[in-house]
Amino acid sequence: MKLLLGQVLHFTSDPFVDGPSAARLDEAVLIEAGKIRAIGPSARLRADHPQAEIIDHGQALISAGFVDAHVHYPQTAIIASWGKRLIDWLNSYTFPEEMRFSNIAYAQDVADRYMDLTLSNGTTSFSSYCTIHPESVDALFTAAARTNSRIWAGKTCMDRNAPEGLRDTPQSAYDDSARLLTKWHGVGRGSYVITPRFSPTSTKDQLAALGSLWAQNPDCLMQTHLSEQVDEIEWVQSLFPTARDYLDTYERHGLLGKGGLFGHAIWLTDREKDRLREVDASLIHCPTSNTFIGSGLFAMASLKSAGHRIGLATDTGGGSSFSMLRTMAAAYEVAQLSHTALHPAALWWLATVGSARALRADHLIGNIAPGHEADLVVIDLASTPAIEQASRRATDIWQAVFPTIMMGDDRAIRQVWVAGKPVRG
Ligand code: GUN
Ligand code: ZN
């Protein structure tokens, strides 16, 4: 039993709805058997649990670990590749790199590296695309099991518009995905996600095959990309001339539903927004990617007020950082360009509870509450001289936190806990 002392940040509701009072600060969190057992005043928890080992983090912030709702771990090594937009970025950088994952040793090496990088940034859960190679899925689930991390991942399916060596077929995509689902879904803290890359790289038959796999396994999530760039949408229109819109290419093949995770979702039509809202699918905002690849501005304020379920993500390696702090900063900047200043409480909520809700796991992770899994990050709010001098003049917690959101990186991550065990720091 461990008692962590610090500024324990947790949410009792959604700050987009209730404002900053949706966030609360407590003094201590008690961890036992991988779970959060209690939060509250330090004196009371110490008195009630005299046998607990005390770990005093002083004024550091103790939060739920970050949840990154959309990543491509195979793109770890091509992060920050210069000068391309989506389709030529995929062809120039992504596909050649993903080809290398036919080599299991290479896949294992990158999976381990990705786990190190993401944990050292305080991210304790994520949902990742793998490559078309089943071994790339095995490599990631195996790497995550070493730290007992709660992750989601799936084989990326593509049967057209990708190079030879990076294409499967409708049948092999179905068979491989079904086999990997049986092998990994619900094993430890792993969950399998059915993963068609996006409509341009799947035939109708492949989309339909994955739609039927999802219908047979409705407790699985399904992840894909939607309306990231204007050229991409035009390409989808030419490939699916009878579809009403981009979303319809998924919908007509059984790939629209409440466990659907739609990455980017920038250039949505009103019909698409309405359908996504009706089925309560999740939209995943990837702000560093959207600026880096030049995709556009996600309409956070209007989508959130319309009631959409929204998560936040790095989109490694289209995104330019492994850090959810950096990702919150980019979400702030993207919203500013649409004349909205997102409150730091809303940004923090998106990176924790919001992403956990998007993954339909907010009863397990993403918040500090009794019964939740003990995935925690301890954050130094004065991790660099620039941040220290800015936060020193703060008169409330959010003024103290905001410089770390805007300027923080892995140096701010003092300790990381996964399933009740320290894995960093
Ligand atoms: N659309 C289809 N595949 C990808 C990908 O790997 N990254 C991004 N950002 N968009 C995509
Ligand atoms: Zn992506």
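Positions are given from 1 along the sequence.
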Do we see a donor-acceptor contact under 3.5 Å between the side chains of [X] and [Y]?
{"X": "T340", "Y": "Q336", "value": "no"}
{"X": "H133", "Y": "D176", "value": "no"}
{"X": "Q415", "Y": "W417", "value": "yes"}
{"X": "T123", "Y": "D68", "value": "no"}
{"X": "T269", "Y": "E272", "value": "yes"}
{"X": "H10", "Y": "D26", "value": "yes"}
{"X": "D410", "Y": "S120", "value": "no"}
{"X": "E232", "Y": "S227", "value": "no"}
{"X": "S295", "Y": "Q229", "value": "yes"}

Are [X] and [Y] close enough that their ring centers fall under 6.0 Å?
{"X": "F126", "Y": "Y114", "answer": "yes"}
{"X": "H70", "Y": "H264", "answer": "yes"}
{"X": "H225", "Y": "Y250", "answer": "no"}
{"X": "F402", "Y": "Y332", "answer": "yes"}
{"X": "Y246", "Y": "F262", "answer": "no"}
{"X": "Y192", "Y": "W184", "answer": "no"}

Any ion pair linking [Y] and [X] (charged N to carboxylate O, less than 4.0 Å)?
{"X": "E98", "Y": "R197", "value": "yes"}
{"X": "D245", "Y": "R271", "value": "yes"}
{"X": "K155", "Y": "D138", "value": "no"}
{"X": "K2", "Y": "E32", "value": "no"}
{"X": "D109", "Y": "R113", "value": "yes"}
{"X": "R360", "Y": "D280", "value": "yes"}

Nearest heavy-atom neighbours spanning [X] and [Y]:
{"X": "Q223", "Y": "S127", "answer": "OE1-OG, 2.9 Å"}
{"X": "T288", "Y": "G319", "answer": "OG1-CA, 3.2 Å"}
{"X": "V418", "Y": "T147", "answer": "CG1-O, 3.1 Å"}
{"X": "P15", "Y": "S13", "answer": "CD-O, 3.4 Å"}
{"X": "P344", "Y": "W398", "answer": "CB-CE3, 3.5 Å"}
{"X": "G317", "Y": "Q75", "answer": "N-OE1, 3.1 Å"}

How about [X] and [Y]: do any of their side-chain heavy atoms sit closer than 4.5 Å?
{"X": "R24", "Y": "F11", "answer": "no"}
{"X": "L276", "Y": "L256", "answer": "yes"}
{"X": "E228", "Y": "I293", "answer": "yes"}
{"X": "M300", "Y": "L342", "answer": "yes"}
{"X": "V67", "Y": "I365", "answer": "yes"}
{"X": "I379", "Y": "T404", "answer": "yes"}
{"X": "S202", "Y": "M158", "answer": "no"}
{"X": "I151", "Y": "R189", "answer": "no"}

**Request:** Report the C-alpha distance between Y129 and F198 in whole Å, list the side-chain angles of each, state the deciding distance to 0.1 Å, and finish with yes or no for ring pair (Phe, Tyr, Trp, His ring centres under 6.0 Å).
**Result:** CA-CA 11 Å; Y129 291 64; F198 67 158; 9.8 Å; no
**Request:** Hey, can you tell me if F298 and H285 have their rings parallel, tilted or perpendicular (30° and 60° cut-offs)?
**Result:**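 Ring orientation of F298 relative to H285: parallel.
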Are any side-chain N or O atoms of [X] and backbone N or O atoms of [Y], one a donor and one an acceptor, separated by less than 3.5 Å?
{"X": "R414", "Y": "H57", "value": "yes"}
{"X": "S172", "Y": "D168", "value": "no"}
{"X": "E27", "Y": "S42", "value": "yes"}
{"X": "T76", "Y": "Y73", "value": "yes"}

**Request:** Apply salt bridge (charged side-chain N to carboxylate O under 4.0 Å, His left out) to R411 and D380, showing your working.
**Result:** CA-CA 8 Å; R411 289 169 291 179; D380 178 358; over 6 Å; no
**Request:** Evaluate side chain to side chain contact (heavy atoms under 4.5 Å, CB included) for L359 paired with L261, printing each intermediate quantity in order.
**Result:** CA-CA 8 Å; L359 298 171; L261 312 173; 3.6 Å; yes
**Request:** Scan N367, D362, L364 and name whichever one has a side chain to side chain contact (heavy atoms under 4.5 Å, CB included) with H372.
**Result:**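 Of the listed residues N367, D362, L364, the side chain to side chain contact (heavy atoms under 4.5 Å, CB included) partner of H372 is N367.
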Measure the [atom1]-[atom2] distance between [X] and [Y] for me, rounded to the nearest 0.5 Å.
{"X": "W348", "Y": "I397", "atom1": "CH2", "atom2": "CD1", "answer": "9.0 Å"}
{"X": "L221", "Y": "S282", "atom1": "CG", "atom2": "OG", "answer": "7.5 Å"}
{"X": "S149", "Y": "L140", "atom1": "OG", "atom2": "CG", "answer": "9.5 Å"}
{"X": "L303", "Y": "H308", "atom1": "CG", "atom2": "NE2", "answer": "5.0 Å"}
{"X": "L3", "Y": "I39", "atom1": "CG", "atom2": "CD1", "answer": "12.0 Å"}
{"X": "L117", "Y": "S323", "atom1": "CG", "atom2": "OG", "answer": "11.5 Å"}

**Message:** I'd like to know whether T291 forms a side chain to side chain contact (heavy atoms under 4.5 Å, CB included) with V334, so could you lay out the CA-CA distance, the side-chain angles of the two residues, the decisive distance to 0.1 Å, and finally the verdict.
**Reply:** CA-CA 8 Å; T291 54; V334 165; 3.9 Å; yes
**Asked** Is the count of non-hydrogen atoms from other residues, nucleotides or ligands lying under 6.0 Å from K35 atom NZ greater than 12?
**Response**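 No - once you tally the heavy atoms of other residues, nucleotides and ligands closer than 6.0 Å, there are 12 at most.
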**Prompt:** Can you tell me if CD on Q59 sees more than 12 non-hydrogen neighbours from other groups inside 6.0 Å?
**Reply:**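 Not buried by this count: 12 neighbours or fewer within 6.0 Å.
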**Prompt:** Between T94 and W89, is a side-chain hydrogen bond (donor to acceptor under 3.5 Å, both in side chains) present by the stated rule, with each step listed?
**Reply:** CA-CA 7 Å; T94 309; W89 176 83; 4.7 Å; no
**Message:** What verdict does the salt bridge (charged side-chain N to carboxylate O under 4.0 Å, His left out) test give for R357 and D14, after you've listed the backbone C-alpha separation in whole Å, the side-chain angles of each residue and the deciding distance to 0.1 Å?
**Reply:** CA-CA 11 Å; R357 274 190 83 234; D14 180 346; 5.3 Å; no
**Request:** Evaluate the criterion side chain to side chain contact (heavy atoms under 4.5 Å, CB included) for residue pair D219 and H185; output intermediate values, then yes/no.
**Result:** CA-CA 10 Å; D219 66 317; H185 191 58; 3.2 Å; yes
**Asked** Given the rule in the side chain to side chain contact (heavy atoms under 4.5 Å, CB included) test, do T124 and V377 qualify, once you have shown the distances and angles that lead to the verdict?
**Response** CA-CA 8 Å; T124 49; V377 59; 5.8 Å; no
